[in-house]
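Here the structure is laid out as structure tokens; the discussion comes afterwards.
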Amino acid sequence: MPFFIRTAAPRDLQAISDLLRETWHATYDGIYGAARVSELTASWHSLDALKSRLGRLNSEFLVADDGERLGGMVFAAATEGNGRTVVLHQLYVRPGCQRAGIGRSLLAEIEGCFPQAELLRLEVEEANEPAIRFYRSVGFACTGSTANCCDDTSGIPAAVYEKRLT
């Protein structure tokens with residue numbers, strides 16, 4: 001069944017949380033251990049954390065839906081000021097749905113949501129080689145690093161990638 005990209009709704013939050021938990025365990029258990037991943041997903045991917053993103057100004061929260069399940073999700077927000085820089089906070093595809101074009105479709109849709117944007121920025125765990133290969137294949141380049149991915153106190157280092165938008 002094909003996946004369609006649509007705006008996330010409150011009724012999707014549990015399914016999004018479940019998708020993120022599954023994807024994070026599949027991706028990061030080998031890097032951080034299952035206990036740390038459970039701790040992070042309980043905080044970062046809780047229903048309250050996800051709900052706060054639904055109404056955020058200058059942002060887009062999208063899902064890939066086939067009518068029976070969510071295959072992926074993406075959340076991005078323009079930075080303060082003129083909105084010419086957009087931060088891609090999350091782009092995740094369920095492990096069983098990867099390599100089927102869902103990530104590319106979500107990314108293309110999110111890029112179109114910010115017509116004024118000139119730059120798309122993201123942070124990615126340097127040990128997440130499949131994600132880095134994906135981002136490089138769609139035009140991102142590494143521009144630096146951060147000691148605290150996702151929030152100011154995570155202690156999780158990450159590479160910063162950027163893509164110029166035309």
Side-chain angles (χ1 to χ4, degrees), residues 1-56 59-77 86-114 117 120-142 149-151 154 156 158-163 165:
M1 197 176 265
F3 283 89
F4 297 93
I5 309 300
R6 64 172 176 78
T7 300
R11 71 180 182 277
D12 298 315
L13 294 180
Q14 185 62 57
I16 293 167
S17 181
D18 294 345
L19 178 151
L20 288 168
R21 187 171 31 265
E22 177 185 346
T23 304
W24 267 65
H25 278 290
T27 304
Y28 297 113
D29 279 5
I31 299 169
Y32 300 117
R36 177 73 169 137
V37 171
S38 291
E39 175 188 323
L40 290 169
T41 59
S43 172
W44 292 351
H45 308 141
S46 70
L47 295 181
D48 286 340
L50 295 171
K51 185 178 181 180
S52 71
R53 294 182 168 199
L54 284 177
R56 186 169 164 187
S59 71
E60 292 292 336
F61 194 166
L62 308 173
V63 295
D65 185 350
D66 72 356
E68 295 180 14
R69 66 184 170 149
L70 299 183
M73 62 77 63
V74 63
F75 175 76
V86 172
V87 177
L88 183 66
H89 292 280
Q90 294 174 303
L91 173 59
Y92 292 99
V93 176
R94 186 179 301 280
C97 298
Q98 292 175 2
R99 306 200 57 80
I102 294 170
R104 287 180 186 272
S105 295
L106 286 165
L107 183 61
E109 189 70 25
I110 210 75
E111 287 178 8
C113 290
F114 298 92
L120 188 57
R121 179 179 295 136
L122 62 90
E123 297 171 357
V124 61
E125 161 62 59
E126 292 180 13
N128 188 349
E129 294 175 9
I132 290 172
R133 279 193 304 274
F134 169 76
Y135 289 124
R136 285 184 175 159
S137 77
V138 294
F140 284 86
C142 186
C149 184
C150 299
D151 71 36
S154 73
I156 298 173
V160 176
Y161 276 73
E162 295 180 344
K163 176 181 180 179
L165 302 174

Check this for me, if you would: do Asp48 and Lys51 make a salt bridge, where the nitrogen-to-carboxylate-oxygen distance has to be below 4.0 angstrom? no
About how many Å separate CD1 of Ile102 and CE of Met73, when rounded to the nearest 0.5 Å? 13.5 Å
Shortest non-hydrogen contact from Ala42 toward Ser46: O-CB, 3.3 Å
Partners of Arg56 by side-chain hydrogen bond (donor to acceptor under 3.5 Å, both in side chains), sequence neighbours excluded? none
Got a donor-acceptor contact below 3.5 angstrom from the Thr27 side chain to the Trp24 backbone? no
Would you give the length of the straight line joining atom CZ of Arg36 to atom CD1 of Ile31, rounded to the nearest 0.5 angstrom? 12.5 Å
Between Ser38 (side chain only) and Ala34 (backbone N and O only), is there a donor and an acceptor less than 3.5 Å apart? yes
Parallel, tilted or perpendicular: which describes the rings of Tyr92 and His45, with under 30° parallel and over 60° perpendicular? perpendicular
With a 4.5 Å limit on heavy-atom distance, are the side chains of Leu107 and Phe140 in contact? yes
Between Arg94 and Leu70 (side chain of the first, backbone of the second, donor and acceptor by atom type, cut-off under 3.5 Å), is there such a pair? yes
Val63 vs Ile5 side-chain heavy atoms within contact, under 4.5 Å: no
From Tyr28 atom OH to Thr23 atom OG1, the distance as rounded to the nearest 0.5 Å: 10.0 Å
Ala108: partners by side chain to side chain contact (heavy atoms under 4.5 Å, CB included), with sequence neighbours left out: none
Is there side-chain contact between Phe61 and Leu50, with heavy atoms separated by less than 4.5 Å? yes
Closest contact, heavy atoms only, Ala158 versus Glu123: CB-CB, 4.1 Å
